[in-house]
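See below for the structure under consideration.
In what follows, chains are A, B, ... by sequence order, proteins preceding strands, each numbered from 1. Predicted model, so just to flag it, every value in this text is computed and none were measured.
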Protein chains: 2
Amino acid sequence: MHQETIENYLKTIYHLSDGNAFVVTNKELAERLGVIPATVTEAVKKLHVLKLVEYEKSYGTRLTSAGIKQALNIVRRHRIWETYLAQELGFGWDEVHELAEELEHIKSDKLVQKLAQKIGNPSYDPHGDPIPDEKGRFQKAEFKKLAEARAGKTYTLSGVADHSPAFLKFLDRYNLKIGTTIKVLEIENFDGSMLTLCNSKEIRLSLQVVSNLLVR
Amino acid sequence: MHQETIENYLKTIYHLSDGNAFVVTNKELAERLGVIPATVTEAVKKLHVLKLVEYEKSYGTRLTSAGIKQALNIVRRHRIWETYLAQELGFGWDEVHELAEELEHIKSDKLVQKLAQKIGNPSYDPHGDPIPDEKGRFQKAEFKKLAEARAGKTYTLSGVADHSPAFLKFLDRYNLKIGTTIKVLEIENFDGSMLTLCNSKEIRLSLQVVSNLLVR
DNA sequence: AAAATTAATTTGGCTTACCAAAAATAGTAA
DNA sequence: TTACTATTTTTGGTAAGCCAAATTAATTTT
Ligand SMILES: [Mn+2]
Ligand SMILES: [Mn+2]
Ligand SMILES: [Mn+2]
Ligand SMILES: [Mn+2]
């Protein structure tokens with residue numbers, strides 16, 4: 001099996017199981033990877049032979065500890081690259097994901113180590129996602145959706161649930177970035193939108209938007 | 001045909017034809033690419049369909065102008081990465097080639113542009129090889145082998161013909177790097193070795209070595 | 001000009017990652 | 001419990017990139 005294929009499967013299984021060793025279905029995997037379920041069946045069988053996943057026929061797939069370890073390493077690479085591209089090379093947070101999807105497959109731990117060092121071994125990537133360290137450890141961030149916030153309170157934008165360039169560019173237009181303070185002035189019952197105070201400006205954010213903003 | 005395969009063929013044809021549009025044989029290509037000639041026959045036929053090479057049966061292959069253009073772009077990417085890795089991330093000149101072999105295939109001109117900018121749009125890579133600009137232009141360096149030098153004269157190390165880590169590490173041991181001044185004290189007829197003065201130290205360099213040092 | 005050598009091409013096969021369609025299995029509703 | 005539905009697996013097939021062996025073509029040597 002090609003290393004890049006393996007890495008994409010492990011990473012996807014990891015994300016679908018939300019970091020835990022929960023079972024993932026073929027259908028979910030197929031959708032995320034852009035292949036049909038039949039292809040997934042073949043692939044997970046091979047990953048099973050490689051002892052990277054536990055696989056029970058017609059039931060589902062979960063990462064083994066070896067699989068989790070590799071998955072965390074790929075997640076680390078991805079997020080280190082994203083952060084490096086943003087901090088050192090001036091890419092926007094809407095541009096880094098696509099590039100990191102390619103760069104994460106470069107086979108060199110030394111390179112990742114140097115990149116990380118250059119940017120001061122950060123704990124979070126440009127989207128607020130935690131970066132595992134060399135041993136795979138990271139603190140699971142305790143964020144909640146702004147959509148679940150209460151009127152009158154003030155929050156700090158700490159992450160985004162939607163990583164699409166369209167959404168991120170939208171946030172850029174209002175200068176909303178990780179660390180920005182958001183005060184919830186009013187919640188509209190009718191459509192779930194929120195009137196907020198961001199950067200000393202009153203902005204109304206739709207339910208769509210506040211559901212994808214993670215705050216502390 | 002996969003982009004990476006195409007790029008490796010174009011780059012190899014380019015290097016074998018020494019930058020000119022000279023004809024390259026299947027056998028040469030096969031050796032460099034680590035495949036058998038039969039594989040090359042198939043590949044160059046496909047490259048011909050893509051109008052990247054001219055191919056005449058049983059005669060040879062040469063790049064078209066479109067092929068040269070793409071080849072120069074890959075060479076640029078490779079050398080920009082090598083230089084970036086050395087200058088910005090502290091890799092040794094013996095380490096950068098292998099990494100650049102992977103990184104050169106990342107599909108983003110913007111990335112290469114940013115890397116180049118960060119290191120001041122250099123004209124030469126860590127091995128003294130010229131870096132083509134965005135339009136593929138570069139000055140062909142007029143170096144000669146130290147092996148062809150004359151006793152008593154002083155030269156500046158400007159490039160290396162052998163890029164192997166073993167050779168480069170050897171040069172590191174004597175602190176021989178691009179820009180180092182080398183005075184030829186004496187040429188030994190018997191084995192072609194040279195007694196030289198480098199960094200105020202007398203060093204005897206074998207024919208092997210002086211044949212792979214390019215000087216001005 | 002033959003013969004011998006070397007290089008290139010063709011042919012048949014392999015592996016990987018895919019897909020489409022059919023068959024089997026599991027899950028849900030009646 | 002049976003029928004319907006959704007999911008998974010199996011079974012052929014394809015395209016790329018590769019190799020080994022056989023064939024053809026070009027180049028050297030005699
Ligand atoms: Mn990402
Ligand atoms: Mn991210
Ligand atoms: Mn190189
Ligand atoms: Mn180089």
For nucleotides 17-20 of chain D, list the nitrogen or oxygen atoms of the protein found under 3.5 Å from its nitrogen or oxygen atoms, one pair per line.
from   : atom 1 : to      : atom 2 : distance (Å)
D:dG17 : OP1    : B:His2  : N      : 2.6
D:dG17 : OP1    : B:Thr5  : OG1    : 3.1
D:dC18 : N4     : B:Glu42 : OE1    : 3.4
D:dC18 : N4     : B:Glu42 : OE2    : 3.4
D:dC19 : OP2    : B:Ile36 : N      : 3.0
D:dC19 : OP2    : B:Thr39 : OG1    : 2.8

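- Taking the six-membered ring where tryptophan is involved, the planes of B:Phe167 and B:Phe170 are essentially parallel, since the angle between them stays under 30° and well short of 60°.
- In summary, the side chains of B:Arg32 and B:Thr12 do not present any donor paired with an acceptor at a separation below 3.5 Å, with no hydrogens or angles considered.
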Review item, side-chain donor-acceptor pairs of residues 36-58 of chain B, under 3.5 Å, at least two apart:
from    : atom 1 : to      : atom 2 : distance (Å)
B:Thr41 : OG1    : B:Asn26 : ND2    : 3.2
B:Thr41 : OG1    : B:Pro37 : O      : 3.2

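- Cation-pi check for A:Lys118 over A:Tyr84 is not met; the charged atom does not lie both under 6.0 angstrom from the ring centroid and within 45 degrees of its normal.
- Within 6.0 Å of atom OH in B:Tyr174, 12 or fewer heavy atoms from other residues, nucleotides or ligands are found, so the atom counts as exposed in its surroundings.
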Donor-acceptor contacts under 3.5 Å from residues 121-129 of chain A side chains, at least two apart:
from     : atom 1 : to       : atom 2 : distance (Å)
A:Asp125 : OD1    : A:His127 : N      : 2.7
A:Asp125 : OD1    : A:Gly128 : N      : 3.1
A:Asp125 : OD1    : A:Asp129 : N      : 3.0
A:His127 : ND1    : A:Glu82  : OE1    : 3.1
A:His127 : NE2    : A:Trp93  : O      : 2.9
A:Asp129 : OD2    : A:His163 : NE2    : 3.2

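- Listed by chain and residue number, nothing satisfies the salt bridge (Lys or Arg N to Asp or Glu O under 4.0 Å) test with B:Asp162 (two or more places apart in sequence, or in another chain).
- Two end axes, each from the C1' atoms of five base pairs, can be drawn for the helix from C:dA1-D:dT30 to C:dA30-D:dT1; they diverge by 0°, to 10 degrees.
- Residues B:Val24 and A:Lys57 both approach DNA chain C. Their nearest nucleotides, taken by heavy-atom distance, put B:Val24 toward the 5′ side.
- The NZ-P distance, from A:Lys45 to D:dT8, rounds to 14 Å in whole Å.
- Electrostatic pairing of B:Arg216 and B:Glu142 does not count as a salt bridge here, judged by no charged N lying under 4.0 Å from a carboxylate O.
- Among the protein residues, B:Ser58 comes within range of the sugar-phosphate backbone only, with heavy atoms under 4.0 Å from sugar or phosphate atoms but none that close to a base.
- When the shell of 6.0 Å around CD of A:Glu188 is examined, it contains more than 12 heavy atoms from other residues, nucleotides or ligands.
- Contact footprint of chain B on DNA chain C: nucleotides with an atom under 4.0 Å from a non-hydrogen protein atom, first to last in 5' to 3' order, C:dA7 to C:dT10.
- With salt bridges taken as basic N to acidic carboxylate O contacts below 4.0 Å, none links A:Arg76 and A:Glu104.
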